[in-house]
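Report on one structure; see the data block that follows.
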Amino acid sequence: MTRDAEQLFKTRKREINKEKQYYNKFIFNGHFSLFLVIMLGAFILGYGDWLKSIPKHINYSIIVSIFVAITSMFPLRTLLKDADKLFLLPFESHMRHYIKQSLIYSYVSRIWIQIIIVIILFPLFYVINHQSFGFYILFAILMFILPFLGLLLKWQWYKYQLESWSLHILLFIIYTSGYYVALDTKSIASITSVLVIIGLTILLQYQNKYQLFPWEKMIKSEQQHHMNYYKFVNMFTDVKHLKETAVRRSYLDPILNIPKYKKFNENHMYLFLFVRSFARGKDVFNIILRLVIIALILMFWLHQPAITLIIGSLFMYIILLQMAQFYTQQAYGLWPQVWPVPESKVIRGYEQFLYRLMFMIAILFVIVYTISFPLYSYFGLLFFLVGWLTIRNVIKKLKYQETLLRD
C-alpha cells in the first residue's frame, strides 16, 4: 500500500505539471517574456544605484525579517480532490506515505523563491555590514530550513484540527525573531527558532497518534490553491475551470451610477457591463491593481528619467494587452444571449471601457513622473500615446477575430 500511495501522488503531480506546462505556453509568450527581461534589467540598474547611497538610520534587519517571514510560509499542497474523501477513506491508515510526498513537493515547488531572495538581499547586507558576510550564511541556512519545518508543523497543526490563522501568527513570530537575530545581532541563538518548531512538531505528533485524517480541510485548502493559480492564468488565456466571483467595493460606487433612461439601449449597454464587471469582479480588478502599484513603486524608486519612462510605458502596454482576456469573458457570456446586439457594438463598448481605464492609469503615471522629474514632466504624455496605440492594436485584432468567427 505504501507504493500505491506514493504512486498516486506521483501520478497527480505529473498531471498538474502537464497542466502547468500547457498554460505556461500562454503565460510566457513573447510579450510577457520581453516584459520580464526589461523588468529585470530595470531592477538591477535601480538596485545598483540605490546601493551606492543607501539611506541611513533604517533598520533593514527588521524589515527584511518581516518580509522573509511571510515568504517562508509555504502552502501545503496535497493535490487531493473532492472525491478522495469517499474513495480513499478505506486507505486512511496509509495516507502518511502520501503526505510525505506532498510535503516534499510543497517544499521543492516554492524553494526557488527563497533562493532568489537570498541572492537579491546579499548585496544589501554585504554593503551595510562593511563587506562581512559570515552572519549571512546563517541567515541563508535558516531561510532554507525553517520553511520545511514549518510545513511539518502545519501538517500536525491541521491534523489536530486547529485553525490556520493561529498557525500563521505563530510561524510569523518564530520566523521573524529567528531571521532578525541572525541579521541584526548576528548570533547563533537564531537557531532557537528551529528548535522551537521541532519541539512543537514532536509534541503535536505525539498528540495526533489517534487523530483522523482532516479530509475536508485539506481538500478545501488544495482547491483554493488551485483556484488561485487559475485566476492568474486567466489573465493570459481562458480557463474553463475558473469560477467567477463578485465583490462589493463601495468606494467605487461613484463610477457605477445607474445610467439615465436615454442610455438604456444597445449603444451603451456594453460599456456599462464592462465597467461594472471590472469594478465588481474579484480577479481582474485585483491583478490590474497590483500591476499599477508595482509600476508606481518602480517609477518612484528609479532615479533615471528615461528608464522610468520606459517602465511606465511598458506597464501601460502590458496592462492593456492583458485586458484582452476580459473581453472574451464578457462578450461570450450570458448577456449576448439575453440581449443580442451586433458585435460591432460589443467591441465599441469594450473600446470605450479601455480608453477610460487607460486614461485613469496614465494620469497616475504622469503624476508620479512629474513628482520624480519635474523638469521632464511633458514626457509623461508618452504614457497616453502608448495607451492609445495599444488600444488601437487590441481593437484591430478583436475585429479581425470576429471576422474569422463570422466566416
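Note: Gln205 CD to Lys209 NZ = 9.5 Å, rounded to the nearest 0.5 Å. For the atom pair CG (Leu320) and CG (Leu389), the distance works out to 11.0 Å, reported to the nearest 0.5 Å. Taking CD1 from Ile99 and CZ from Phe9, the interatomic distance works out to 8.5 Å, rounded to the nearest 0.5 Å. For the atom pair CZ of Phe67 and CD1 of Ile117, the computed distance is 4.5 Å after rounding to the nearest 0.5 Å. Taking CE from Met218 and NZ from Lys159, the interatomic distance works out to 11.0 Å, rounded to the nearest 0.5 Å. To the nearest 0.5 angstrom, Phe139 atom CZ is 4.5 Å from Leu183 atom CG.
Of all the heavy atoms in Ser190 and Ser193, the pair that sits closest is O-OG, 2.8 Å. When all heavy atoms of Phe315 and Ile294 are compared, the pair lying nearest together is CZ-CG2, 3.7 Å. Smallest separation of non-hydrogen atoms from Tyr175 and Pro147: OH-CA, 3.9 Å. Between Met73 and Leu171, the shortest heavy-atom contact is CE-C, 4.0 Å. Residue Ser372 comes nearest to Phe300 through the heavy atom pair OG-CD2, 4.0 Å, listed as atom of the first residue, atom of the second, then distance. Across Trp50 and Pro55, no two heavy atoms sit closer than the pair NE1-CD, 3.4 Å.
Looking at Lys13, its side chain never comes within 3.5 Å of a backbone N or O of Leu79 through a donor-acceptor pair. Here the side chain of Arg356 pairs a donor or acceptor atom with the backbone of Gln352 at under 3.5 angstrom. Of the possible donor and acceptor atoms, none in the side chain of Ser221 sits under 3.5 Å from a partner among the backbone N and O of Lys217. Side-chain N or O atoms of Tyr180 include none that pairs as donor or acceptor with a backbone N or O of Ile66 at under 3.5 Å. In this structure a side-chain-to-backbone donor-acceptor pair under 3.5 Å is missing from Thr176 to Ile173.
In this structure, the side chains of Leu86 and Trp215 stay at 4.5 Å or more apart for every pair of heavy atoms. Under the 4.5 Å side-chain criterion, counting only non-hydrogen atoms from C-beta, Pro305 is in contact with Tyr369. By the 4.5 Å heavy-atom criterion applied to side chains, Asp184 and Ile62 are not counted as neighbours. Side-chain contact between Trp157 and Leu170: present, with at least one pair of heavy atoms (C-beta onward) separated by less than 4.5 Å. Between Tyr98 and Arg12 there is a side-chain heavy-atom pair separated by less than 4.5 Å. No side-chain heavy atom of Val386 sits under 4.5 Å from any side-chain heavy atom of Leu314. Side-chain contact between Gln156 and Leu152: absent, with no pair of heavy atoms (C-beta onward) separated by less than 4.5 Å. In this structure, the side chains of Leu354 and Thr390 stay at 4.5 Å or more apart for every pair of heavy atoms.
Other residues, nucleotides and ligands contribute over 12 non-hydrogen atoms within 6.0 Å of the OH atom of Tyr378. For Phe133, the CZ atom sits in a loose shell: 12 or fewer heavy atoms of surrounding residues, nucleotides or ligands are nearer than 6.0 Å. Shown here is Lys20, whose NZ atom has more than 12 heavy atoms of other residues, nucleotides or ligands within 6.0 Å. Around atom OH of Tyr47, more than 12 heavy atoms belonging to other residues, nucleotides or ligands sit under 6.0 Å away.
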Open item on the list: Run the side chain to side chain contact (heavy atoms under 4.5 Å, CB included) test on Val68 and Leu142 for me, step by step, so that the C-alpha distance in whole Å, both residues' side-chain angles and the decisive distance to 0.1 Å come before the verdict.
Closed with: CA-CA 11 Å; Val68 177; Leu142 287 176; over 6 Å; no
Intermediate values then yes/no, side chain to side chain contact (heavy atoms under 4.5 Å, CB included), Ile174 and Leu200
CA-CA 12 Å; Ile174 295 174; Leu200 288 173; 4.3 Å; yes
Leu149 vs Thr201, side chain to side chain contact (heavy atoms under 4.5 Å, CB included): CA-CA, chis, key distance, verdict: CA-CA 8 Å; Leu149 295 178; Thr201 303; 5.9 Å; no
For Thr11 and Arg14: C-alpha separation, side-chain torsions, deciding distance, then whether side chain to side chain contact (heavy atoms under 4.5 Å, CB included) applies. CA-CA 5 Å; Thr11 300; Arg14 284 196 297 267; 3.4 Å; yes
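Side chains of Tyr179 and Ser72: a donor-acceptor N/O pair is present below 3.5 angstrom, by distance only. No side-chain donor from either of Gln21 and Asn17 sits under 3.5 Å from a side-chain acceptor of the other.
Aromatic ring centroids of Phe125 and Tyr60 lie 6.0 Å or more apart. Within the 6.0 Å centre-distance limit, the rings of Trp155 and Phe213 are counted as a close aromatic pair. Taking the six-membered ring where the residue is Trp, the centroids of Tyr355 and Phe359 are separated by 6.0 Å or more.
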Side chains of residues 361-368: which donor-acceptor partners sit under 3.5 Å, not counting sequence neighbours?
none

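Evaluation of the side-chain contact (heavy atoms from CB on, under 4.5 Å) rule for His226 yields Ile16, Glu19, Arg77, Glu222, Tyr230 as partners, not counting sequence neighbours.
The aromatic rings of Phe148 and Tyr107 lie perpendicular to each other, with more than 60° between the two planes, well past the 30° mark.
Classification of Lys18 and Glu15 as a salt-bridged pair fails, no side-chain N sitting under 4.0 Å from a carboxylate O.
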